[in-house]
Structures are given as C-alpha cells and as structure tokens.
Amino acid sequence: MKAELLYEGKAKRVYKAEGKPGQLVLSYKNDATAFNGEKKASFTGKGRLNNEISSRIFPLLKENGIDSHFIERLNETEQLVHQTKIIPLEVVVRNLATGSITRRLGIEEKTAFTPPMIELFYKNDDLGDPLINDQHALFLSDVKVSELEEIKAKALLVNEQLRRIFDGVNVTLVDFKLEFGRLNDGSIVLADEISPDTCRLWDSGTQEKLDKDVFRQGTGDLLEVYQEILTRLEAVS
Ligand code: TMP
C-alpha cells in the first residue's frame with residue numbers, strides 16, 4: 001500500500017499511497033518527543049495506540065458533520081488519508097487553563113475558559129512553534145480572512161463534539177491542538193491526528209492525566225494511560 005516516503009515528522013511518517021493518487025498513508029511511530037524534540041523516548045505500541053485512537057475519533061466527528069482527511073485505518077499502525085497541503089498553523093482550543101498559557105499569562109491552573117480559548121501557533125520547529133496573532137497567521141500562511149474564521153469556527157465545533165465524546169467515557173477534555181490541510185480542490189479540512197499526543201485528557205473523577213503530559217512531566221506510564229483512553233473509546237465506537 002505504501003510507496004515513496006514523502007515526509008518524516010516526530011510522530012509519523014507520510015507515504016504516497018500505491019496506486020491511489022491524491023491519497024497518503026500515515027504511519028504512526030513509537031517515538032514520543034516533548035519540548036520541541038529536546039526530550040525523546042520510544043514506547044513499543046504507542047504508534048498502534050495513537051493510530052487506533054485517531055481512527056476512532058475522526059469517524060465519530062464525521063458522524064457529526066466534521067470532515068477530515070481520514071479515509072480508513074489500514075492496519076495496526078497505518079491509516080489512509082486524503083492528501084492535503086498542511087497549513088502551518090497549530091490551532092489550540094482550551095477549556096481549562098494548564099500548560100503553556102498558565103506560564104505565559106499567569107492564569108491560575110484549572111481556570112475554566114467560557115467560551116473556550118483559541119490560540120494560534122506557527123508550525124515551525126526551528127522557531128519552536130511560537131504563539132502568533134491572526135495577522136501573523138494571515139501573513140505566514142495562504143489562508144484568507146474568511147478561511148481563518150472558518151478554521152476557528154471548525155475548531156470550536158470539534159471542541160463541542162470531542163467534549164461530548166470524552167464526557168461520555170468519564171474523561172475531561174482540557175485542551176487540544178488541531179492542524180488543518182488544503183485538499184486539491186482548495187477546500188480546507190481537519191488533518192493530522194487527534195490522540196493523547198495532541199490532547200490533554202483527565203479522568204473526570206480522579207483528574208488523573210491520561211495523555212502525553214505523563215511523558216512530558218515524567219509522572220506516569222504513557223502506554224498504560226493511552227491504552228486506558230483506547231479502552232474507554234472502544235466502549236462507544
Ligand atoms: P501547551 O499548553 O503546551 O501550549 O499545549 C496545548 C495543547 O496542544 C495540549 O493539548 C498539547 C498540544 N500540543 C501539541 O499537540 N503539540 C505541541 O507541540 C504542543 C506544544 C502542544
């Protein structure tokens with residue numbers, strides 16, 4: 001199914017899909033990185049867990065009218081997606097304050113954001129993915145003003161749906177990062193992945209962290225908590 005390797009990122013490899021023009025194979029790696037690649041480790045099984053989790057979430061979003069690049073899961077670590085040109089913006093939605101926003105703006109941990117807070121970061125490893133404003137985003141990408149509004153509205157819709165899905169399995173969606181890509185026809189769809197690498201997920205009862213923060217902070221077993229998220233999603237998808 002895979003042909004030429006097009007791109008290797010920190011968590012995935014991207015291949016052309018053999019005999020399927022306009023489609024790509026995403027291969028999820030076992031590597032975990034944090035702090036812009038400064039902290040690194042490999043966890044056998046992480047690629048499978050994130051592939052399986054992402055492959056459950058995209059169809060759940062689709063059922064609720066949110067299109068993405070996702071086509072199908074191919075095997076344990078790979079999924080087939082529509083080829084897009086990734087827009088170099090990381091769109092973060094926050095429901096509760098934690099992570100960089102608490103350090104950057106002195107906001108107290110766990111402060112609720114109503115409405116949810118959207119932040120844009122420039123996807124550029126050399127610059128350490130800096131926080132940017134809308135005008136920077138328009139300058140640094142090819143999106144139009146109306147498209148940036150669309151992206152932000154879509155991110156809020158994704159937040160509503162993800163919150164509903166995770167609330168149903170006793171998980172609080174604290175915050176998450178989305179990426180969008182442009183299809184051949186010029187339209188913009190949700191791309192990349194949605195997994196415990198890209199979301200902060202807390203057990204709603206105990207507040208135990210069930211996401212990559214256990215690796216970032218060295219406070220828990222990454223494979224165990226990712227498996228816990230998959231097990232809970234299996235009950236509803
Ligand atoms: P932050 O609090 O570190 O800015 O992270 C906000 C959200 O974005 C959190 O859910 C983790 C996710 N995230 C990524 O997916 N990739 C990244 O490179 C970073 C820094 C955060």
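Ligands are counted one by one from 1 in listed order, and the atoms in each one are counted from 1 as well.
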Margin query: Run the side-chain hydrogen bond (donor to acceptor under 3.5 Å, both in side chains) test on Arg94 and Ser100 for me, step by step, so that the C-alpha distance in whole Å, both residues' side-chain angles and the decisive distance to 0.1 Å come before the verdict.
Written below: CA-CA 11 Å; Arg94 301 180 188 272; Ser100 70; 3.1 Å; yes
Next item on the list: Run through Leu162, Val174, Asn159 and flag the one making a side chain to side chain contact (heavy atoms under 4.5 Å, CB included) with Asn95.
Entry: Asn159
Check: Considering residues, nucleotides and ligands other than Lys16, do more than 12 of their heavy atoms fall under 6.0 Å from its NZ?
Finding: no
Item checked: Between Ser195 and Asp197: side-chain donor-acceptor atoms closer than 3.5 Å -> no
Next item on the list: Check ligand 1 against Arg216 and write out every atom of the ligand that is under 4.0 Å from a heavy-atom position of the residue.
Entry: 11 (C)
Next item on the list: Considering the heavy atoms of Asp197, write down every atom of ligand 1 situated less than 4.0 Å from one of them.
Entry: 15 (O)
Margin query: Distance under 4.0 Å to a non-hydrogen atom of Cys199: what atoms of ligand 1 satisfy this?
Written below: 10 (O)
Notebook entry, point to check: Under 4.0 Å from any heavy atom of Phe176, which atoms of ligand 1 are there?
Noted result: 10 (O)
Margin query: Can you report which non-hydrogen protein atom sits closest to atom 17 (C) of ligand 1, along with the distance?
Written below: Glu90 OE1, 4.1 Å
Checklist line | Minimum non-hydrogen distance to atom 5 (O) of ligand 1, winning option of Lys177, Arg200, Glu193, Arg104 | finding: Arg200
Next item on the list: Carefully, step by step, assess Asp129 and Asn36 under the rule side-chain hydrogen bond (donor to acceptor under 3.5 Å, both in side chains).
Entry: CA-CA 8 Å; Asp129 298 344; Asn36 203 19; over 6 Å; no
Check: atom 4 (O) of ligand 1: which protein heavy atom is closest, and how many Å away?
Finding: Ser100 OG, 2.6 Å
Check: With atoms numbered from 1 as shown, which atoms in ligand 1 lie under 4.0 angstrom from a non-hydrogen atom of Gly99?
Finding: 2 (O)
Margin query: Protein non-hydrogen atoms only, distance under 4.0 Å: does atom 9 (C) of ligand 1 have such a neighbour?
Written below: yes
Next item on the list: Give yes if a backbone or side-chain nitrogen or oxygen of Arg103 is under 3.5 Å from a nitrogen or oxygen of ligand 1, and no if not.
Entry: no
Item checked: Step-by-step side-chain hydrogen bond (donor to acceptor under 3.5 Å, both in side chains) determination, Ser27 to Thr77 -> CA-CA 6 Å; Ser27 175; Thr77 56; 4.6 Å; no
Checklist line | atom 7 (C) of ligand 1: the protein heavy-atom neighbour that sits closest, reported with distance to 0.1 Å | finding: Asp175 OD1, 3.7 Å
Next item on the list: Assess the side chains of Gln227 and Thr231: does a donor N or O sit below 3.5 Å from an acceptor N or O?
Entry: yes
Item checked: Atoms of ligand 1 close to Arg94 [distance to a heavy atom under 4.0 angstrom, numbered from 1] -> 1 (P), 2 (O), 4 (O), 6 (C)
Next item on the list: Check the side chains of Ser237 and Arg56 for a donor-acceptor pair under 3.5 angstrom, ignoring hydrogens and angles.
Entry: yes
